[in-house]
Number of protein chains: 2
Amino acid sequence: MRELVKAFKALSDETRLRILNLLLERECCVCEVMQVLDISESRASRNLSFLYDAGFLKLRREGLWALYSIDREGLKEHYTDLVEAVRKALEGNETAIQDRRRLRTAQRIGPGCVVASTN
Amino acid sequence: MRELVKAFKALSDETRLRILNLLLERECCVCEVMQVLDISESRASRNLSFLYDAGFLKLRREGLWALYSIDREGLKEHYTDLVEAVRKALEGNETAIQDRRRLRTAQRIGPGCVVASTN
DNA sequence: GTAATATATGCGTAGTTGCGCATATAAGGA
DNA sequence: TCCTTATATGCGCAACTACGCATATATTAC
């Protein structure tokens with residue numbers, strides 16, 4: 001029960017829902033989340049960490065980058081249900097659509113992890 | 001997005017999950033929830049109200065009783081997904097099983113809305 | 001080793017949440 | 001109308017949460 005509460009708590013925040021929305025698109029590093037969602041690095045890192053601790057994400061490191069993604073293989077069934085529910089719920093959501101749009105044109109291209117959205 | 005956050009918030013509390021678990025069994029009045037879960041009337045009422053306001057429940061009145069139930073026909077699709085996810089997640093949960101067990105032997109039998117669980 | 005870069009985390013603060021206690025409100029019966 | 005019963009709600013308080021700011025930690029390149 002405590003675990004389920006934790007999972008719902010993880011999802012009961014807009015910032016974290018928007019992050020999960022990005023990760024439904026593809027794996028991201030902290031600085032990509034930071035820039036795409038236009039939030040502070042600290043805020044991005046903490047919320048990614050929160051989702052990770054709740055059991056939704058997996059983490060791999062590549063050089064300086066911490067890459068988070070949805071742990072589709074490792075998720076317990078009801079977590080999968082929750083992620084799917086979020087995906088469906090955000091399908092027509094304008095903010096979510098714009099966030100994903102920006103991520104699609106983003107690239108992890110080096111120093112400062114610049115999101116190529118200034119183009 | 002705000003609505004989705006509200007839905008997850010509604011589910012991110014143990015008391016409310018336990019209430020929803022009862023309502024998965026059947027319609028309940030405040031005093032049944034109060035007694036089955038062994039919580040105060042105030043706590044039962046508020047949490048039922050929270051779930052109702054979040055859009056999960058429907059309410060009908062019968063005399064002194066306020067009867068809450070899961071609004072299966074009126075639920076938006078992703079709400080249905082969430083409720084289903086809760087149901088599955090609580091399937092093997094001991095607390096949830098015991099709560100439902102007690103509710104099964106309960107009856108709305110009059111003054112004080114006594115739950116026939118002393119038998 | 002030093003400097004630059006990406007991320008994690010300590011600390012403080014404002015806002016939110018859950019709930020006990022008391023009381024208000026609504027409904028039914030005499 | 002008054003009394004009883006079921007429920008809703010005001011109020012206060014302790015605990016929790018989200019986040020900005022600053023700094024610590026980890027990694028890489030020179």
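Naming convention: chains lettered A, B, ... in sequence-line order (proteins, then strands); numbering from 1 in each chain.
- Note on Glu62(B) versus Arg60(B): salt bridge recorded, some NZ/NE/NH1/NH2 to OD/OE distance being below 4.0 Å.
- Take the nearest nucleotide of DNA chain D for Ser12(A) and for Gly63(A): the residue whose nucleotide is more 5' is Ser12(A).
- Relative to the side chain of Leu64(A), the nucleotides dC19(C), dC19(D), dA26(D) differ in distance, and dA26(D) lies closest.
- Residue Arg43(A) places its side chain closer to dG20(D) than to any other of dG20(D), dT7(D), dC11(D).
- With hydrogens and angles left out, the side chain of Arg46(A) and the base of dG20(D) share a donor-acceptor pair within 3.5 Å.
- The separation between Asp38(A) atom CG and dC19(D) atom P is 13 Å, rounded to whole Å.
- The side chain of Cys31(A) lies closest to dT7(C) when the candidates are dG20(C), dA18(D), dT7(C).
- When each of dT7(C), dG20(C), dA8(C) is scored by its nearest atom to the side-chain atoms of Tyr68(A), the top-ranked nucleotide is dA8(C).
- Look at Glu25(B) and Arg104(B) and you find a salt bridge, because one of the NZ, NE, NH1 or NH2 atoms lies within 4.0 Å of a carboxylate O, short of that distance.
- Going from atom CD of Glu62(A) over to atom C1' of dA6(C) covers 13 Å, rounded to whole Å.
- Note on Glu32(A) versus Arg26(A): salt bridge recorded, some NZ/NE/NH1/NH2 to OD/OE distance being below 4.0 Å.
- Salt bridge status for Arg46(B) with Glu41(B): absent, with no side-chain N to carboxylate O gap under 4.0 Å.
- For Arg61(B) against dG28(C), a side-chain-to-base donor-acceptor contact under 3.5 Å is absent.
- Backbone-only contact: Ser40(A) has heavy atoms under 4.0 Å from sugar-phosphate atoms and none from a base.
- Residues Lys88(B) and Glu84(B) are not paired through a salt bridge, judged by the lack of any N-O separation under 4.0 Å between the basic side chain and the carboxylate.
- Base contact: Ser45(B) has a heavy atom under 4.0 Å from a base atom.
- Not one side-chain nitrogen or oxygen of Asn47(A) sits closer than 4.0 Å to the OP1 or OP2 atom of dT17(D).
- Closest to the Ala66(B) side chain, of the nucleotides dT7(D), dT9(C), dT9(D), is dT7(D).
- Mapped onto DNA chain C by nearest heavy atom, Thr15(B) and Val30(A) fall at different nucleotides, with Val30(A) at the one closer to the 5' end.
- Atom C1' of nucleotide dT7(C) and atom CD of Glu41(A) are separated by 5 Å, given to the nearest angstrom.
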